[in-house]
Amino acid sequence: MTPRNGRLKERKIEPWTALLDEGRADERLVREAREGWADSHPARLVDIPTELHPDVLAALGRIGIERLYSHQAEALHSAWAGPTIVTTGTASGKSLCFNLPTLDMLCRDTRARALYLYPTKALAQDQARALNALGLTKRVRPAIYDGDTPRESRADIRRNANVVLTNPDMLHVGILPNHAAWAELFSNLAVVVIDEAHVYRGVFGSHVANVLRRLHRIAAAYGTAPRVLLTSATIANPVELAERLTGLEDIALIDADGSPAPGRRIAMWNPPLIDEALGTRRSALGEAAELLARLVREGARVICFMKSRKGVELLSRLAKDDLEAAGQAELAELIEPYRAGYTPQQRRELEGRLTRGELRAVVTTDALELGIDIGELDAAVVVTFPGTVASLRQMWGRAGRRGRGLAVYVAGEDALDQFFCRHPDEFLERPVEAAILDHESPLIFAAHLLCAAHEGPLDGGDVQFFGPRMQAHAELLVSAGRLRLRPPRDGMSEAGGGETYVPRDPGGYPAAEVSLRSASPEHFAIVDVSSGELLGQTEAARAHSTVHDGAIYLHQGRTYEVRDLDLSHRRALVAPFHGDWYTQPKRETMTAIERLLDRHDALGVSLSFGEVSVTETVLAYQRRRLSDHTQIDLVALDLPETSFSTQALWFELDSAELEETIPLKSLLGALHATEHAQIAVLPLLAMCDRWDIGGLSTNLHPQTGHPTIFIYDGHPGGIGIARTAFGRFEELCKDAHRLIADCGCAEGCPSCVQSPKCGNLNEPLSKAGARLLLERMLGHAVTMGGSCSTAAPRSSSPV
Ligand SMILES: [Zn+2]
Ligand SMILES: [Zn+2]
């Protein structure tokens with residue numbers, strides 16, 4: 001097909017043509033882009049490598065695959081050669097990339113075993129179904145082993161399955177501690193598949209990195225060194241993530257996508273301004289409901305992503321109302337909210353209804369982004385920034401059916417949303433974020449070393465799995481009374497006969513005390529009083545600020561009100577909540593520098609990185625109306641102080657120099673607003689949420705003796721966020737400056753310097769002062785030229 005044809009094709013009337021015309025006219029459509037036309041390529045197909053086992057070739061024939069996408073063949077060859085990560089697009093057939101080498105292996109060696117790790121149970125179920133569909137029943141015996149697997153089938157799975165599909169949590173708590181029962185698997189473990197690896201970042205990733213190190217260690221004890229194959233959504237640092245996650249080196253990257261580009265129009269949509277000075281806009285939810293109704297009316301099949309379940313219900317309700325009011329009740333019936341807990345069968349039913357046109361739209365939470373398997377649709381509408389460009393792209397990837405599609409992002413009022421609307425080009429071209437994790441985050445590392453010692457005595461040789469700092473952390477566990485050093489046994493000369501660390505309480509089961517989703521082993525249980533159900537846990541360090549009496553608490557998209565925070569039993573009793581307010585705690589925070597790890601001058605300030613202890617007292621909470629954020633009241637609380645250690649960067653300013661730029665009375669406001677702006681944009685550099693980051697600004701810190709801004713990891717021990725910010729400080733300051741300078745508001749708004757999580761309830765804040773402060777620092781970058789380039793080696797020329 002010639003390019004001319006392609007261009008003619010896009011001029012065709014689509015279900016969204018009129019809508020986009022209107023958006024262009026009234027400027028709600030801030031930016032459009034096209035994907036898949038400019039780099040339009042047909043599928044790059046190659047022959048199936050004939051080296052594959054004949055049974056695998058036959059199975060491919062049975063499911064109608066005659067040729068492979070180029071990246072699938074490349075992945076196969078790469079997987080034969082060494083560990084590999086594949087990061088091609090959403091519907092590019094990534095599963096085949098790891099299934100082909102695995103199936104080939106299983107067909108050649110009847111004893112070989114494979115272990116597949118999925119972040120959700122639903123994904124494991126989908127994959128088991130796909131494996132079964134290949135019809136290799138004699139050679140390939142997949143089985144799911146997770147919390148839902150009936151006790152009576154477990155022994156059989158351990159003995160007979162040669163592909164075990166599970167999740168990291170089960171591997172951690174169920175499989176590794178009982179490795180003897182899994183001897184058959186570990187002594188024949190040939191392949192480990194880690195699908196959706198980008199999910200393993202932050203706290204969860206730091207845990208999983210340790211679980212995988214324990215896995216390698218146990219496998220080695222049984223004489224195997226499995227080939228590791230990973231897939232990931234597009235992220236900035238796939239190889240780095242794969243290496244940090246697995247502890248392996250030289251992982252090959254397959255990222256040249258050979259599947260056909262779908263041809264997709266991208267629209268960034270900003271709800272209209274209602275009050276310019278205050279910076280308030282029409283709600284993203286109302287705007288999205290209108291878009292959804294329009295698209296459904298025009299006959300498009302749509303998926304719409306929202307953050308909370310309440311939002312999902314509200315949005316579907318509003319869109320239905322819109323259609324009903326226009327006398328189109330029959331269309332209103334075609335919109336359905338997608339609920340959690342659907343089985344794969346129910347999801348396929350939903351997919352069928354969408355394909356047949358019996359359903360036009362599903363509205364879902366972004367939490368289900370991974371679990372959802374409903375094929376490709378005409379349009380994907382993402383309501384407010386989902387936190388990372390990587391996941392936004394994944395959601396957009398749902399749009400594109402029959403060579404055309406519309407991917408919409410409806411901006412909210414948050415700082416990042418509006419930052420993107422003001423820099424749309426950069427947003428669309430922006431490289432996706434880097435996924436970060438730190439397997440040596442102290443509490444997490446210690447917890448897994450203890451688990452490992454229970455799985456087998458730790459000796460010097462285990463440094464190859466856990467890294468050179470293993471011994472120091474093991475010693476800490478000795479002083480904490482959890483491990484003891486066992487002297488070398490007489491007469492033992494073989495390796496492992498030296499000193500070993502063994503548990504002090506051999507009968508214990510430490511894995512059961514460690515949740516992979518939380519940074520610290522100390523947590524509070526969250527119990528729904530209406531049903532008695534245990535909803536989950538929250539880190540003890542965060543309990544006072546998130547589940548204090550009266551707090552409105554969001555858990556997996558559902559809203560609850562805390563009835564009672566029971567400190568002595570470490571639990572919060574909550575009940576489903578239907579009111580129209582939210583809460584924000586008022587806190588008093590102090591930071592004490594415990595250990596300086598790195599320090600240099602950058603942008604005319606003294607920049608440090610190290611360990612700090614954060615002491616916090618939650619004093620009160622504010623109730624605010626959801627609809628317009630107005631304050632209802634302030635309720636006092638009586639809670640003891642809490643503290644935790646974590647990693648932080650801090651920078652000290654010279655007060656005498658500052659006075660030339662900023663009047664003393666607005667100094668604290670300027671520091672505070674700078675801190676907020678930096679925290680708001682930090683997720684652009686490190687794949688995390690602003691709720692994972694804490695900050696403190698003071699015009700005189702007792703230890704530094706200067707005005708100082710701290711930015712710290714919000715999780716005990718730290719997971720690498722502050723370290724990333726330290727390494728890319730100049731970029732952080734530039735982004736923060738643009739966030740402030742480009743916002744049209746007069747004195748600061750939620751789209752620039754106000755923070756939804758400020759412990760000081762956004763007092764005092766000086767937008768103008770922060771702007772001056774950052775300009776002064778960045779001006780320094782210009783005059784200093786490259787001489788302070790150590791601050792941000794990755795940044796480009798100074799602005
Ligand atoms: Zn603003
Ligand atoms: Zn604040």
Side-chain angles (χ1 to χ4, degrees), residues 30 270-282 284 385 411-423 542 545-546 583-591 614-622 624 628-629 631 634 648-651 666-683 689-699 701 707-714 722 725 735-775:
V30 289
N270 204 4
L273 265 175
I274 296 171
D275 184 324
E276 208 147 329
L278 293 177
T280 41
R281 291 177 180 274
R282 184 186 182 200
F385 185 58
E413 65 167 3
D414 275 4
L416 275 186
D417 284 83
Q418 291 304 315
F419 181 79
F420 289 142
C421 282
R422 292 191 293 267
H423 302 283
R542 295 178 157 213
S545 55
T546 53
T583 56
Q584 191 172 348
K586 182 172 164 59
R587 295 176 303 229
E588 193 174 72
T589 307
M590 283 176 301
T591 51
V614 177
T615 306
E616 222 176 54
T617 314
V618 179
L619 305 167
Y621 67 94
Q622 206 176 40
R624 285 172 171 265
D628 57 4
H629 306 297
Q631 180 180 337
L634 185 74
L649 76 79
W650 62 95
F651 56 101
S666 53
L667 177 61
L668 190 55
L671 296 170
H672 190 198
T674 303
E675 171 217 318
H676 279 191
Q678 287 175 326
I679 290 175
V681 296
L682 180 47
D689 191 283
R690 78 188 286 160
W691 300 88
D692 294 329
I693 315 165
L696 176 102
S697 33
T698 164
N699 49 12
H701 190 268
T708 309
I709 294 180
F710 287 84
I711 292 176
Y712 55 84
D713 272 68
D735 282 345
H737 174 255
R738 285 194 304 163
L739 176 75
I740 296 173
D742 301 347
C743 187
C745 71
E747 298 192 338
C749 70
S751 304
C752 57
V753 296
Q754 291 180 8
S755 161
K757 57 179 283 271
C758 177
N760 251 351
L761 306 174
N762 287 307
E763 285 292 329
L765 285 177
S766 165
K767 180 185 174 187
R771 184 173 174 169
L772 286 171
L773 177 60
L774 286 162
E775 266 159 19

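Basis for what follows: all heavy atoms, side chains included, without hydrogens, waters or symmetry-related copies. A quick note: this is a predicted structure, and the numbers were derived from the prediction, not measured. Whatever order the structure lists them in is the order used to number ligands and atoms, beginning at 1.
- With His672 contributing its side chain and Leu765 its backbone, the two residues share no donor-acceptor pair below 3.5 Å.
- With no hydrogens or angles considered, no side-chain donor-acceptor pair links Asp742 and Gln418 at under 3.5 Å.
- A 6.0 Å sphere centred on CD of Glu747 holds no more than 12 heavy atoms belonging to other residues, nucleotides or ligands.
- Classified by interplanar angle (parallel below 30°, tilted 30° to 60°, perpendicular above 60°), the ring pair His423/Phe419 is tilted.
- Below 30°, between 30° and 60°, or above 60°: for Phe385 and Phe420 the angle between ring planes is above 60°, a perpendicular geometry.
- The distance from the OG1 atom of Thr674 to the NZ atom of Lys767 is 13.0 Å, given to the nearest 0.5 Å.
- Near-neighbour remark for the Zn ion (ligand 1): protein N, O or S atoms under 2.8 Å are Cys743 SG, Cys745 SG, Cys749 SG, Cys752 SG; waters not counted.
- Here the SG atom belonging to Cys421 is positioned 11.0 Å from the CG atom belonging to Leu416, to the nearest 0.5 angstrom.
- The CG atom of Leu649 sits 5.0 Å away from the CD1 atom of Ile711 when rounded to the nearest 0.5 Å.
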Checklist entry - So His737 and Glu775, side chain to side chain contact (heavy atoms under 4.5 Å, CB included) or not? Walk me through it. => result CA-CA 7 Å; His737 174 255; Glu775 266 159 19; 2.8 Å; yes
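- Of all protein N/O/S atoms, those under 2.8 Å from the Zn ion (ligand 2) are His672 NE2, His676 NE2, Cys758 SG, and waters are not counted.
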